[in-house]
Amino acid sequence: MTVFEAIESRRSIRKYSSRPIEPEKLEKIAEAFRLSPTAGNGQNWKLYIVKTEALREKIRKVCMREPSFVTEAPTMLVFCGLKQSVMTNGHRVDSVDVSIGAAYAILEAWELGLGTCWMASYQEGDIKAALSLPEGASVVAITPLGYADEAPEARARKSAAEVVEIL
Ligand SMILES: Cc1cc2nc3c(=O)[nH]c(=O)nc-3n(C[C@H](O)[C@H](O)[C@H](O)COP(=O)(O)O)c2cc1C
């Protein structure tokens with residue numbers, strides 16, 4: 001699968017099988033995160049791979065609307081920044097760096113046959129408390145990770161003419 005094939009075929013998965021994830025696949029996904037670029041190569045970030053059932057249940061409880069797929073999937077990925085600073089362009093470096101790392105990890109997961117669903121419907125403080133994360137951490141994104149138990153249709157996207165402009 002090429003990078004573009006992964007980009008084109010990836011879907012958000014909201015129904016998972018309980019099939020365990022092979023450790024070498026988790027390692028590869030972690031590598032995709034670790035090797036992704038950061039501003040000034042700062043790497044002030046961390047990926048938490050949550051496998052423990054009790055912790056996944058804690059996360060499910062604080063997710064808004066309590067989505068069942070959080071505990072259906074055998075693993076949750078929690079993408080965090082460790083330092084909050086603002087770049088020259090005014091954007092927060094942790095939000096940008098961690099989002100890039102999460103996107104790389106999600107695409108690598110898809111290449112390996114694993115589904116994810118980027119989630120932002122949580123209060124940051126609740127996830128930090130659930131996992132006892134450091135005070136200064138920012139929880140930029142969380143996602144279940146597991147084998148899909150559904151094959152969703154592609155969701156519509158705006159046309160290239162609407163989202164791309166050549167100047
Ligand atoms: C920043 C961001 C936040 C999202 N938050 C949620 C969420 O809280 N719950 C959820 O079910 N999906 C969430 N999604 C998934 C989007 O709904 C999904 O990516 C979008 O509908 C396009 O579908 P696709 O990923 O299958 O292409 C989020 C996606 C992004 C990029």
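One is the number of the first residue; the rest follow in order along the sequence. Just so you know, these numbers use all the heavy atoms, side chains as well, and skip hydrogens, waters and symmetry mates. Counting convention: from 1, in listed order, for ligands and their atoms alike.
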> Is ligand 1 under 4.0 Å from a heavy atom in the side chain of E153, in the backbone, in both, or in neither?
Replying inline: neither
> Hey, is P152 one of the residues with a heavy atom under 4.0 angstrom from ligand 1?
Replying inline: no
> Can you list the atoms of ligand 1 that are under 4.0 Å from a heavy atom of C117?
Replying inline: 10 (C), 11 (O), 12 (N)
>> Return the closest protein heavy atom for atom 8 (O) of ligand 1 as residue, atom name and distance.
In response: S121 OG, 2.8 Å
>> Any salt bridge linking K28 with E108? Criterion: basic side-chain nitrogen under 4.0 Å from a carboxylate oxygen.
In response: yes
> Hey, is M64 one of the residues with a heavy atom under 4.0 angstrom from ligand 1?
Replying inline: no
> Roughly how far, to the nearest 0.5 Å, is CD of E72 from CZ of R56?
Replying inline: 10.5 Å
> How close does the nearest protein non-hydrogen atom get to atom 6 (C) of ligand 1, and which residue and atom is it?
Replying inline: W118 O, 3.0 Å
> Knowing that exactly one of S99, S85, S138 qualifies, which makes a side chain to side chain donor-acceptor pair (under 3.5 Å) with D94?
Replying inline: S138
> If you measure from CZ on F79 to OG on S95, what distance do you get to the nearest 0.5 Å?
Replying inline: 14.5 Å
>> Check for me, please, whether I49 and I142 land in the same ILVMFWY cluster - side-chain distances under 4.5 Å, paths through other members count.
In response: no
> Is the shortest N/O to N/O distance between A120 and ligand 1 below 3.5 Å?
Replying inline: yes
> Which of the atoms of ligand 1 are close to R157, meaning less than 4.0 Å from one of its heavy atoms?
Replying inline: 22 (C), 27 (O)
> Atom CG of L133 and atom OH of Y48: how far apart are they, to the nearest 0.5 Å?
Replying inline: 5.0 Å
> Nearest to atom 16 (C) of ligand 1 by heavy atom, R14, R155, M119: which?
Replying inline: R14
>> Regarding ligand 1, does R11 bring an N or O atom to under 3.5 Å of one of the ligand's N or O atoms?
In response: no
>> How long is the straight-line distance from CD of E150 back to CZ of F69, given to the nearest 0.5 Å?
In response: 9.0 Å
>> Could you identify the single nearest non-hydrogen protein atom to atom 26 (O) of ligand 1 and state the distance to 0.1 Å?
In response: S12 N, 2.8 Å
> When rounded to the nearest 0.5 angstrom, what is the spacing between CG in N44 and CD in Q84?
Replying inline: 11.0 Å
